[in-house]
Participant: 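My questions will all concern the structure given below.
As the structure lists them, so they are numbered: ligands from 1, and atoms in each ligand from 1. On a predicted model such as this, the values are computed, not experimentally measured, just so you know. Reckoned from all heavy atoms, side chains included, excluding hydrogens, waters and symmetry mates.
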Amino acid sequence: MLNIVLLGAPGAGKGTQAARLVEKYKLVHLSTGDMLRDEIARCSKHGIIAKQLINSGQLVPDSMVASMIAEKIKAHRASNGFIFDGFPRTIPQAEMLDSMLPEHGLCVTGMVALSAPEDELVRRLLSRGKCSGRADDQNEEIIRNRIAVYHEKTAPLVGYYAAQGKHVSAKGVGSVEEIFLTLCSAIDKFKQHGEL
Ligand code: ADP
């Protein structure tokens with residue numbers, strides 16, 4: 001199985017690229033942002049807690065996203081693999097993922113980090129906010145706070161995966177197709193490495 005973690009600040013293009021990668025490699029797309037928005041729409045217990053945090057640009061508790069992910073892994077155990085989009089977002093989440101995957105005989109194959117300059121991220125998110133209606137994409141202060149949270153809590157995952165020899169970085173600027181090809185070549189290398 002191919003289990004890829006897509007890392008990147010809000011607006012780096014994780015969702016766009018994940019959709020294409022899922023199709024090419026026949027993987028299951030696990031986006032914790034999408035799962036949380038679904039919980040909010042259903043006014044579930046998780047949704048009620050998540051709504052305030054998401055709209056103010058903060059992360060939801062590690063245990064909440066980890067339990068959602070664990071359920072999905074169990075449900076899609078027989079798939080070709082997973083694209084983790086927006087998870088893990090903290091070191092404890094990465095540790096939880098590393099402890100839950102072996103229960104199913106799996107592990108993270110590799111992590112690709114997409115990067116883009118902060119002003120570009122802000123521009124993309126404000127423009128996404130106009131169509132998506134996402135409250136967290138409409139206010140520049142909240143967007144900058146999300147980017148700051150990314151640097152503080154999520155960026156350390158680069159070191160975490162690099163220490164396992166599983167990190168590749170990719171530029172998230174250029175055409176969607178160019179970025180996609182860069183990601184595919186990183187993933188193909190991970191695959192070859194896994195098959196050696
Ligand atoms: P983006 O990457 O554009 O910020 P997402 O859809 O991945 O969008 O996430 C939206 C929000 O959902 C995040 O700002 C955060 O509040 C919450 N969230 C998503 N994934 C996680 C996670 N793994 N851990 C904690 N909070 C999360």
Participant: In ligand 1, which numbered atoms sit nearer than 4.0 Å to a non-hydrogen atom of Arg37?
Facilitator: 6 (O), 10 (C)

Participant: Where is the nearest protein heavy atom to atom 19 (C) of ligand 1: which residue, which atom, and how far?
Facilitator: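 The answer is Arg89 NH1, 3.4 Å.
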
Participant: Output yes when the distance from some N or O of ligand 1 to some N or O of Gln93 is under 3.5 Å, and no in every other case.
Facilitator: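 Min N/O separation from ligand 1 is below 3.5 Å for Gln93.
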
Participant: Regarding Gln17 and Asp85, is there a side-chain donor-to-acceptor distance under 3.5 Å anywhere?
Facilitator: no

Participant: Ligand 1 versus Arg128, non-hydrogen atoms closer than 4.0 Å: side chain, backbone, both, neither?
Facilitator: side chain

Participant: For ligand 1, is any non-hydrogen atom under 4.0 Å from Val65's backbone (N, CA, C, O), its side chain (CB onward), both, or neither?
Facilitator: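 For Val65, the contact with ligand 1 is made by the side chain alone.
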
Participant: For ligand 1, which is the ligand I care about here, please tell me if Asp136 has any N or O atom under 3.5 Å from one of the ligand's N or O atoms.
Facilitator: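 For ligand 1, there is no N or O atom that lies under 3.5 Å from one belonging to Asp136.
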
Participant: Suppose I only count heavy atoms of Lys14 and a 4.0 Å limit; which atoms of ligand 1 are within that range?
Facilitator: 2 (O)

Participant: One residue to check: Arg134. Relative to ligand 1, which of side chain, backbone, both or neither has a non-hydrogen atom less than 4.0 Å away?
Facilitator: side chain

Participant: Would Asp34 count as being in polar contact with ligand 1, using the rule that some N or O on each side must be under 3.5 angstrom apart?
Facilitator: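 Among all N and O atoms of Asp34, none is under 3.5 Å from an N or O of ligand 1.
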
Participant: Against heavy atoms of Pro10, which atoms of ligand 1 measure under 4.0 Å?
Facilitator: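 Checking each atom against Pro10, I get 1 (P), 2 (O), 3 (O), 4 (O).
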
Participant: Check for me whether Met64 has a heavy atom closer than 4.0 Å to any atom of ligand 1.
Facilitator: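 No.
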
Participant: Salt bridge (Lys or Arg N to Asp or Glu O under 4.0 Å) with Asp137: which residues, sequence neighbours excluded?
Facilitator: Arg128, Arg134, Arg146

Participant: Determine whether the side chains of Tyr150 and Asn145 contain a donor N or O and an acceptor N or O closer than 3.5 Å.
Facilitator: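 No.
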
Participant: Which ligand 1 atoms, with their elements, are less than 4.0 angstrom from a heavy-atom of Val60?
Facilitator: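 The list of qualifying atoms is 25 (C), 26 (N).
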
Participant: For ligand 1, is there an N or O atom under 3.5 Å from any N or O atom of Phe87?
Facilitator: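 No.
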
Participant: If we only count N/O pairs under 3.5 Å, is Asp85 in contact with ligand 1?
Facilitator: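 Not met; the criterion fails.
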
Participant: Using distance only, find each side-chain donor-acceptor pair of residues 102-112 under 3.5 Å and give its atom names and separation, not counting sequence neighbours.
Facilitator:
| from | atom 1 | to | atom 2 | distance (Å) |
| --- | --- | --- | --- | --- |
| Thr109 | OG1 | Asn3 | N | 2.7 |
| Thr109 | OG1 | Asn3 | O | 3.4 |

Participant: At under 4.0 Å between heavy atoms, which part of Gln58 makes contact with ligand 1: side chain, backbone, both or neither?
Facilitator: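 It is the backbone that touches ligand 1; the side chain stays farther off.
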
Participant: Examine the proximity of ligand 1 to Leu36 and report which part, side chain or backbone, both or neither, has a heavy atom under 4.0 Å away.
Facilitator: side chain

Participant: Between Arg20 and Glu23, does any side-chain N to carboxylate O distance fall below 4.0 Å?
Facilitator: no

Participant: Looking at Arg144 and Glu118, is any side-chain nitrogen of the basic one under 4.0 Å from a carboxylate oxygen of the acidic one?
Facilitator: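 Looking at Arg144 together with Glu118, the answer is yes, because their closest N to O distance falls below 4.0 Å.
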
